[in-house]
Amino acid sequence: MGNPVWYITTPIYYPSDNLHVGHAYTTVAADALARYHRLKGEPVWFVTGTDEHGQKIERRAREAGVTPKAFVDPIVRYIQDPLWKRLHIQYDDFIRTTEPRHAAVVQQIFERLRAQGDIYKGVYEGWYCVPDETFWTENKLVDGKCPDCGRPVERVRQESYFFKLSKYQDRLRQFIVDHPDFVQPASRQHEMLNFIDAGLEDLSVSRTGLTWGIPVPGDPEHVIYVWFDALSNYLTAAGYLQDEAKFQRIWPANVHVVGKEIVRFHAVIWPIMLMALDLPLPQHVFGHGWLLIGESKMGKSLGNAVDPIQLLDRYGVDPVRYYLLREVPFGADGSYTEDALVLRTNVDLANDLGNLLSRTTAMINRFWQGEIPPLVADEDDGVIAREVATVYQEVQAAMERLAISDALVSIGRLVRTANKYIEDQKPWDLAKDPAQKVRLGNVLYGLAEALRVLSVLLTPFLVETPGRIRYQLGLDSPVQEYREAIFGGLPAGIKIRRGEPLFPRIESKAATPQEPDAGDDRSIGLEDFQKLDLRVGTVRTAEVVEGADRLLKLTVFDGTRERTIVSGIRAHYDPESLIGQQVVLVANLKPVKIRGILSEGMLLAGSAGGELALVAPIRRLPEGARVK
Ligand code: MSP
């Protein structure tokens with residue numbers, strides 16, 4: 001198949017007055033993907049928009065005493081500016097489902113499916129969740145409430161059009177099996193297969209008694225079901241039925257980035273609509289996890305929504321974007337805390353990256369008259385050049401598999417390698433010895449070059465920082481292409497411009513270690529401590545626990561046997577990265593069942609401000625070694 005354009009979408013948003021950082025999460029991630037592909041020189045069509053019809057909006061408008069259109073208009077304007085504007089979301093099209101171009105497409109799709117017998121008239125009798133705009137049969141309800149969001153549902157009995165999902169069930173199943181990367185991550189693919197195997201019922205695709213929607217052609221008592229309307233936006237925005245040449249270039253979509261709660265709509269209803277229309281299916285539906293506040297989804301209650309504009313005011317755009325993209329492995333759930341955002345900014349951005357820039361420019365000023373030294377390639381130790389080459393590949397590989405946070409982990413390694421290079425090479429000592437002049441020049445060149453490469457690699461993720469790094473290095477041109485991230489591109493002789501620190505350290509409680517409270521005597525005797533059986537073990541296997549985004553199931557060899565341990569560290573570690581690592585386990589903890597898995601022990605980990613790291617011996621030890 002394949003089309004010349006990278007077509008990337010976010011869901012279209014409900015215009016609500018409760019837009020929070022969780023919403024921004026989807027858009028920022030999709031924007032980073034879009035920017036990455038543009039940087040690779042690939043044409044991109046990145047679309048977002050608003051999902052404006054349906055009962056929920058109609059009711060909210062009635063409560064507010066205005067027409068639905070008057071209700072949504074200011075919210076849509078707010079979403080475009082300031083919300084997406086201040087996050088620097090570079091979309092190519094913003095589609096509103098209330099636009100005439102969209103209504104025309106939705107009606108033609110409906111008409112065609114009805115004409116070919118895939119949509120038929122019947123009576124819907126069941127339940128409806130208004131906040132989620134979802135139909136539910138009696139047997140799916142949990143305690144009489146919506147199984148997705150837990151809110152009350154309403155009884156509906158009315159004439160309705162139905163879409164024959166059941167007819168396409170087997171074809172869809174086969175498609176998912178044949179295209180294992182269609183639904184990502186893999187855990188969501190399994191969920192979808194289970195859902196399909198439970199049997200697909202024909203879907204009610206129209207409502208009566210509701211005016212705020214697109215009318216069914218020729219039957220204006222009915223308006224088209226809001227999800228049928230909303231999903232079609234991806235076709236409207238690609239020019240379907242309106243601009244054939246554009247449509248040929250853009251369709252099928254490469255990736256729909258969506259939150260996990262709406263994967264079902266995108267990986268079941270949507271592909272079946274496309275099959276019925278005889279259109280190729282998107283390449284990937286990526287279901288990312290949720291930002292949580294404590295245990296619950298941000299936004300679930302009005303009280304826990306974090307306002308993105310306030311965060312942008314307080315911290316600036318790059319710390320917010322960086323935190324969203326880096327903190328949680330893309331696909332998993334993660335807890336949101338402001339402390340963790342502060343810590344990420346202070347550690348990764350202010351400390352690691354910011355210090356690298358200020359140390360490098362300070363040393364070039366002191367030891368090389370403020371000019372980029374020449375590189376004497378035959379005498380270069382290759383430390384930075386090799387790391388640059390590795391990271392260049394890793395970032396590419398990560399982005400191709402939509403592992404955005406992994407790309408930032410690799411980039412972070414280049415920063416750390418460069419900082420360590422300063423410690424190892426001690427340019428201040430080299431500067432004292434004229435015989436080391438070439439080496440000193442190479443070291444300084446390598447550091448400046450690492451920073452230039454970082455300005456390229458960071459371009460998809462951060463919007464102000466790359467330009468600021470380049471300015472200080474004396475470069476005036478913006479980053480143009482990903483290929484610029486190859487070692488050796490920095491011209492010698494240009495004058496650097498030392499400037500402000502990239503990120504001022506944010507002072508907050510999270511940034512400073514807590515002093516132990518002298519009044520709190522919780523000391524224990526040695527005999528208490530000795531009750532703990534702590535041992536070194538090695539992780540043999542690691543996998544995500546199905547249906548539990550925060551958990552990993554590990555097998556750990558403790559010197560005698562392999563134990564199964566379930567650990568809530570998914571947000572901090574990818575399973576693959578743990579295999580072969582040594583850990584410390586509490587071996588005499590009573591086994592407990594977690595999600596039906598018997599967990600025999602616990603791993604030690606340190607945590608502060610949302611950051612968590614497993615504890616391990618700093619040199620390898622035989623498994624079973626006692627920790628005391
Ligand atoms: N209107 C539908 C989508 C229709 S697409 C054809 C919708 N809109 S939404 O405004 O409720 O959600 C928009 C996006 O924000 C979704 O991807 C959703 O998963 C995401 N998020 C909303 N709250 C979230 C978190 N707390 N965490 C991460 N993303 C979440 O659904």
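Everything numeric here is computed off the predicted structure, so don't read it as measured data. Each ligand, and each atom within it, is numbered from 1 in the order the structure gives. Residue numbers start at 1 and run along the sequence shown.
Gln107 contributes a side-chain N or O that, together with a main-chain N or O of Pro215, makes up a donor-acceptor pair within less than 3.5 Å. Looking only at distances, no side-chain donor or acceptor of Asp333 sits under 3.5 Å from a matching main-chain atom of Ala571. Between the His284 side chain and the Asp181 main chain, a donor and an acceptor come within less than 3.5 Å of each other. Using a distance-only test at 3.5 Å, with no hydrogens or angles considered, no donor-acceptor pair links the side chain of Asp73 to the main chain of Ala70.
Here His288 has side-chain heavy atoms under 4.0 Å from ligand 1, and that is the only part of it that gets that close. Contacts with ligand 1 closer than 4.0 Å are made by side-chain heavy atoms of Tyr234 only, the backbone lying farther away.
Those atoms of ligand 1 with a heavy atom of Gly259 less than 4.0 angstrom away are 17 (O), 19 (O). Close approach to Met298 involves these atoms of ligand 1, each under 4.0 Å from a residue heavy atom: 26 (N). Distances below 4.0 Å separate heavy atoms of Trp290 from the following atoms of ligand 1: 27 (N), 28 (C).
At least one N or O atom of Asp51 sits closer than 3.5 Å to an N or O atom of ligand 1. In terms of N/O distances under 3.5 Å, ligand 1 is approached by Thr26. Considering backbone and side-chain N/O of Ala230, none are found under 3.5 Å from N/O of ligand 1. Residue-to-ligand polar distances keep Tyr13 apart from ligand 1: every N/O pair is separated by 3.5 Å or more.
Heavy atoms only, all atoms of each residue included: Trp136 and Cys146 are closest at NE1-SG, 3.5 Å.
For atom 16 (C) of ligand 1, the closest heavy atom belonging to the protein is Pro11 CG, 3.7 Å. Regarding atom 30 (C) of ligand 1, its nearest protein heavy-atom neighbour is Gly22 O, 3.4 Å. Among all protein heavy atoms, the one lying closest to atom 27 (N) of ligand 1 is Leu291 N, 2.8 Å. Among protein heavy atoms, atom 22 (C) of ligand 1 sits closest to His23 CD2, 3.5 Å. In terms of protein heavy-atom proximity, atom 2 (C) of ligand 1 is nearest to Ile12 O, 3.5 Å. Annotation: atom 19 (O) of ligand 1 to nearest protein heavy atom, Glu261 OE2, 2.8 Å. Of the protein's non-hydrogen atoms, His20 CE1, 3.3 Å is the one closest to atom 23 (N) of ligand 1. In terms of protein heavy atoms, atom 8 (N) of ligand 1 is closest to Tyr14 CD1, 3.4 Å.
Ring planes of Trp251 and Phe247: parallel class, angle under 30° (limits at 30 and 60°). The aromatic rings of Phe94 and Tyr91 lie tilted to each other, with the angle between the two planes from 30° to 60°.
When each of Glu154, Glu133, Gln158 is checked for a side-chain hydrogen bond (donor to acceptor under 3.5 Å, both in side chains) with Tyr128, only Glu133 meets the rule.
Distances shorter than 4.0 angstrom occur between a heavy atom of Gly289 and an atom of ligand 1. Heavy-atom distances between Phe265 and ligand 1 stay at or above 4.0 Å for every pair.
Aromatic ring centroids of Tyr315 and Tyr323 lie 6.0 Å or more apart. With ring centers used as reference points, Phe163 lies 6.0 Å or more from Tyr225. Ring-centre distance between His266 and Tyr234: below the 6.0 Å cut-off.
Residues Arg570 and Leu551 form no side-chain contact, since every pair of their non-hydrogen atoms from C-beta on lies 4.5 Å or further apart.
Of all the listed residues (Val257, Thr48, Ile262), Ile262 holds the heavy atom that lies closest to atom 31 (O) of ligand 1.
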